[in-house]
Amino acid sequence: MRTFVVVIPTTDHLVGISDITVEDPLISSVICENNNLEALPISPKYNSFVKSPTGIIEKITGNSSFRIDLTNKIDQGESWQLSLAVAHTLHHNNYLQFSNKKNLVLNRINSSVIWASGKINSNLEVKPINFLNKKIDNSIIFFEQCIKNNIPINIVLSHHNENELRQILLKNKFLTKAVADKKINLVFIKTLSNFFKAINLSNILQLRNRSSIFF
């Protein structure tokens with residue numbers, strides 16, 4: 001069975017997902033770093049992202065509270081939303097492979113990397129991000145390691161970011177060659193469901209309250 005490693009690019013570093021645990025629905029969702037006891041300051045935003053009616057993860061998984069552990073801190077912003085929505089959906093369907101701080105890809109066999117950055121609204125529409133060039137720069141060494149180990153990479157962004165990424169590619173011979181050689185797959189999407197269709201897993205995104213979701 002194929003599995004996917006989801007990584008979250010930030011302006012400082014790449015972040016992996018080391019654990020996702022369903023919690024009691026009466027408590028708030030939290031994000032922690034490497035199994036530490038202290039919740040990260042971004043946790044209230046994550047809780048709103050999870051819990052219905054503001055959030056979307058409960059609609060995807062049927063669970064309203066989670067603890068998620070990351071390999072490194074995320075301090076601010078909202079561009080983590082696309083990665084975590086993808087990760088929660090994959091985890092709910094047993095397709096997610098966890099990471100640790102020393103090695104984001106723990107099992108190379110039948111694994112693919114999902115590098116995703118974007119904001120998501122309540123209709124699951126994926127919105128553009130800022131600082132794309134910086135996030136790509138911070139990921140180059142990781143991309144090189146993945147290609148060296150024959151691990152496919154999917155770069156997933158809003159379709160609004162396509163022109164910007166194309167311009168970045170023109171200035172980077174390594175990325176240009178990796179895309180030409182089909183080592184890196186570029187996926188530009190309008191909605192979350194577009195991504196799962198692109199990787200032939202459209203059936204795993206089963207939503208509650210479908211009347212409010214547009215595809």
Side-chain angles (χ1 to χ4, degrees), residues 4-10 15-33 35-96 98-99 114-130 156-161 187 189-199 201-215:
F4 298 88
V5 176
V6 177
V7 295
I8 308 164
T10 75
V15 178
I17 299 167
S18 57
D19 203 7
I20 297 176
T21 306
V22 177
E23 297 289 352
D24 189 307
L26 297 179
I27 64 175
S28 297
S29 294
V30 295
I31 296 182
C32 301
E33 180 187 4
N35 300 310
N36 290 336
L37 298 180
E38 181 180 359
L40 295 178
I42 203 169
S43 291
K45 285 187 176 182
Y46 173 63
N47 183 61
S48 295
F49 180 66
V50 169
K51 192 172 181 63
S52 182
T54 57
I56 63 170
I57 302 305
E58 183 176 0
K59 296 174 184 177
I60 294 171
T61 67
N63 297 304
S64 62
S65 182
F66 291 89
R67 172 186 169 127
I68 189 165
D69 279 274
L70 305 178
T71 61
N72 217 321
K73 290 181 180 180
I74 297 177
D75 295 318
Q76 59 187 352
E78 297 174 324
S79 61
W80 47 266
Q81 291 178 347
L82 177 57
S83 292
L84 291 193
V86 169
H88 271 290
T89 307
L90 293 172
H91 178 256
H92 187 64
N93 291 274
N94 299 313
Y95 284 100
L96 182 66
F98 291 126
S99 302
I114 298 170
W115 183 106
S117 190
K119 305 175 186 177
I120 300 183
N121 68 15
S122 61
N123 291 332
L124 302 191
E125 296 167 336
V126 180
K127 301 301 182 181
I129 60 163
N130 299 318
V156 188
L157 295 164
S158 165
H159 68 106
H160 294 292
N161 285 117
V187 186
I189 57 177
K190 293 183 178 180
T191 69
L192 182 62
S193 63
N194 291 159
F195 170 69
F196 289 106
K197 289 177 183 177
I199 62 169
L201 287 176
S202 56
N203 61 315
I204 73 171
L205 189 61
Q206 303 294 327
L207 295 158
R208 282 77 177 169
N209 301 323
R210 279 183 174 271
S211 62
S212 64
I213 305 296
F214 296 95
F215 295 92

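No hydrogens, no waters, no symmetry mates; every other heavy atom, side chains included, goes into these values.
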Original post:
Any side-chain heavy atom of Val30 within less than 4.5 Å of one from Asn47?
Top reply: no

**OP:** Please report the closest heavy-atom contact between Pro9 and Ala116, naming both atoms and the distance.
**Re:** CD-O, 3.2 Å

**OP:** Report yes or no: does Asp69 contribute a side-chain atom to a donor-acceptor pair with the main-chain N or O of Ser18 at less than 3.5 Å?
**Re:** no

**OP:** Please check if atom NZ in Lys190 has more than 12 non-hydrogen atoms from other residues, nucleotides or ligands closer than 6.0 Å.
**Re:** no

Subject >> Closest non-hydrogen atom pair between Ile56 and Ala85, with its separation >> reply: CD1-CB, 4.2 Å

**OP:** Report yes or no: does Asp24 contribute a side-chain atom to a donor-acceptor pair with the main-chain N or O of Leu26 at less than 3.5 Å?
**Re:** yes

Subject >> Atom pair CG (Asn121) and NZ (Lys127), whose distance is rounded to the nearest 0.5 Å >> reply: 5.0 Å

Subject >> For the student: nearest non-hydrogen atoms of Lys73 and Leu40, plus distance >> reply: CG-CD2, 4.0 Å

Original post:
Is there a donor-acceptor pair under 3.5 Å between the side chain of Asn161 and the backbone N or O of Ile129?
Top reply: yes

**OP:** Kindly assign one of parallel, tilted or perpendicular to the pair His91 and Phe98, based on the angle between their ring planes and the thresholds 30° and 60°.
**Re:** tilted

Original post:
Rounded to the nearest 0.5 Å, how far apart are CG of Asn63 and NZ of Lys51?
Top reply: 10.5 Å

Original post:
In a check of side-chain contact (heavy atoms from CB on, under 4.5 Å) between Val6 and each of Thr89, Val86, Val156, which one passes?
Top reply: Val86

**OP:** Might you point out which heavy atoms bring Ile17 and Thr71 nearest each other, and give the distance in Å?
**Re:** N-CG2, 4.4 Å

**OP:** Please answer whether the main-chain N or O of Lys59 pairs with a side-chain N or O of Ser52 as donor and acceptor at a distance below 3.5 Å.
**Re:** no

Subject >> Polar side-chain atom of Ser64 near backbone of Glu58 as donor-acceptor pair, under 3.5 Å >> reply: no

**OP:** Report, as yes or no, whether the 6.0 Å neighbourhood of atom CD on Glu78 holds more than 12 heavy atoms from other residues, nucleotides or ligands.
**Re:** yes

Original post:
Which pair of heavy atoms, one from Ser117 and one from Leu157, lies closest together, and at what distance?
Top reply: O-CD2, 3.5 Å

**OP:** Answer yes or no: is there a donor N or O on one side and an acceptor on the other, between the side chain of Ser202 and the main chain of Lys197, under 3.5 Å?
**Re:** no

Original post:
When rounded to the nearest 0.5 angstrom, what is the spacing between CD1 in Ile68 and OH in Tyr46?
Top reply: 4.5 Å

Subject >> Closest non-hydrogen atom pair, Ile120 against Gln81 >> reply: N-OE1, 2.9 Å

